[in-house]
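Hydrogens, waters and symmetry mates play no part in the numbers below; they use all other heavy atoms, side chains included. All chains are named by letter (A, B, ...) in the order of the sequence lines, taking the proteins before the strands, and each is independently numbered beginning at 1.
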2 protein chains.
Amino acid sequence: MNTSQFSTKQRILGAAETLFALHGFEKASLRQVTAAAHVNLAAVNYHFGTKENLIEEVFRRRLDRLNARRQDALRKVEHSPDYTLDHVLEAFIRPAIDLSLDQSGGGAFMRMLARAYAEHDQPLRKFLSDNYGHVLREFAVVFHRLLPHLSKEELYWRLDIVAGALTYAMADFGLIKRRPGTTERDHHKLAAEHLIRFASAGLSAP
Amino acid sequence: MNTSQFSTKQRILGAAETLFALHGFEKASLRQVTAAAHVNLAAVNYHFGTKENLIEEVFRRRLDRLNARRQDALRKVEHSPDYTLDHVLEAFIRPAIDLSLDQSGGGAFMRMLARAYAEHDQPLRKFLSDNYGHVLREFAVVFHRLLPHLSKEELYWRLDIVAGALTYAMADFGLIKRRPGTTERDHHKLAAEHLIRFASAGLSAP
DNA sequence: ACTGTAATCAAACGTTTGTTTGAATCATAG
DNA sequence: CTATGATTCAAACAAACGTTTGATTACAGT
């Protein structure tokens with residue numbers, strides 16, 4: 001078969017992302033994934049070796065984009081005159097929203113990312129920390145410039161809270177139901193606005 | 001055997017709570033649970049019917065306590081003169097911290113609770129909403145009294161963010177490592193203080 | 001002591017899981 | 001066209017899962 005324009009490998013990655021986000025890493029079986037991707041079951045082990053490798057590849061594919069966009073946004077803010085806390089927060093939060101609104105399964109990825117935090121899987125968290133850590137540190141430097149009265153420790157605590165709230169919001173963990181008639185796109189944009197306003201005030205707390 | 005002072009049922013609940021928190025609902029098998037509880041494998045199905053029922057029972061056992069304590073704390077605040085936003089936040093956050101510092105596996109439970117949100121399991125979320133919802137609504141009323149300039153929708157958005165950040169913090173999702181020499185108890189207390197200060201400012205945002 | 005219900009136990013049930021195998025098919029370079 | 005390496009495929013693998021069974025033990029009320 002292979003009627004699709006995408007390669008077997010790409011089709012597996014796409015289907016895996018969707019199903020992992022929908023049902024979790026454990027519940028989503030390789031049989032479900034390969035069925036959704038219209039490829040043979042053995043193709044996963046042929047192209048990725050193990051399920052664990054497949055999970056990491058799914059992460060890598062999107063995380064690289066997310067990190068790059070965040071860094072670009074941060075640099076743009078830094079090079080603009082008189083930037084504010086809201087601008088930096090926007091540079092941190094907006095790319096996550098944009099990615100979650102990506103045409104093909106970005107929302108699924110953000111839910112998967114949030115799930116990865118919850119899973120408390122140590123190897124996976126190390127992998128995420130390696131790919132996330134330095135970007136977060138770059139942001140911390142800029143935040144510190146805008147909030148010089150905060151100690152380094154205090155700042156890190158607050159940024160951690162922001163990251164938590166963002167993760168939670170992006171993953172649709174919240175109890176707030178999307179109003180009927182509102183698209184997921186609008187819902188996430190609204191969430192971003194509320195989040196930025198809240199986080200800005202929270203970070204500025206005395 | 002049954003050398004323990006606890007009944008088979010209680011031993012299963014305790015072991016399940018620990019292992020679910022440690023490895024997740026899927027990964028933690030009934031064989032692991034019953035081995036840790038030193039009971040026969042079939043005891044789970046005998047006492048609880050299914051694994052799903054066991055999960056719900058584990059939740060119920062602690063959630064009832066958490067809800068009761070939150071409501072007590074809220075009523076105490078309401079009956080005191082000149083209570084502030086921080087007091088109400090404290091009534092919401094502190095019981096969660098206390099429970100997570102409970103002698104026997106409270107921390108495990110909070111991690112499990114956070115995981116439940118991540119799992120996106122609809123029946124489980126309905127169960128949580130049924131047990132959590134009305135308490136959250138009670139708090140919302142009091143918050144609204146202190147923040148009358150906020151629309152109901154705006155308030156709910158912000159409370160949702162607070163709940164998210166709290167869940168995240170209590171579950172040790174954060175990237176902030178506990179400093180060596182600090183106990184888990186101190187770490188959580190510190191987290192609570194930072195959380196209350198942050199949330200207070202965030203809720204008060206213009 | 002006997003009876004009946006509750007609880008425990010070892011063993012097995014039927015599924016589902018991730019992974020492996022070996023043959024079949026495809027694509028491409030000589 | 002043919003030979004070669006990459007890919008796909010149906011089938012089977014062993015292991016682990018939640019659940020059920022039927023016999024056995026523990027203990028209560030009469």
Residues forming a side-chain contact (heavy atoms from CB on, under 4.5 Å) with [X], sequence neighbours excluded:
X       : value
H134(A) : Q71(A), R137(A), E138(A)
A36(B)  : A15(B), L19(B)
L146(B) : Y83(B), L85(B), V88(B)
A43(A)  : T8(A), I12(A), V39(A), H47(A)

(message) Just to be sure I follow the notation: if a pair is Watson-Crick (purine N1 to pyrimidine N3 plus N6-O4 or O6-N4) or a G-U wobble (N1-O2 and O6-N3), each under 3.5 Å, what dot-bracket string does DNA chain D give, with | for pairs to another strand?
(response) |||||||||||||||||||||||||||..|
(message) With a cut-off of less than 4.0 Å, is there a side-chain N or O of H47(A) near OP1 or OP2 of dA6(D)?
(response) no
(request) Taking only the side-chain nitrogens and oxygens of N40(B), find out if one of them lies under 4.0 Å from OP1 or OP2 of dA10(C). (result) yes
(request) Apply side-chain hydrogen bond (donor to acceptor under 3.5 Å, both in side chains) to R70(A) and list each qualifying residue two or more places apart in sequence or on a separate chain. (result) none
(request) Using a heavy-atom cut-off of under 4.0 Å over every strand shown, decide if A43(A) touches base, sugar-phosphate, or nothing. (result) nothing
Taking only N/O atoms, report every protein-nucleotides 12-14 of chain C pair under 3.5 Å with atom names and distance.
none

(request) Tell me, please, which residues at least two apart from H87(B) pass ring-ring contact (aromatic ring centres under 6.0 Å, His included). (result) none
(request) Under the ring-ring contact (aromatic ring centres under 6.0 Å, His included) rule, collect the residues that match up with F139(B), sequence neighbours excluded. (result) F92(B)
(request) Select one nucleotide: of dG18(C), dA6(D), dA10(C), the one nearest the side-chain heavy atoms of A42(B). (result) dA10(C)
(request) Check the distance between dT19(C)'s C1' and L54(A)'s CG and give it to me in whole angstrom. (result) 14 Å
(request) Using the six-membered ring wherever Trp is involved, compare the ring planes of W157(A) and H187(B) and label them parallel, tilted or perpendicular (cut-offs 30° and 60°). (result) tilted
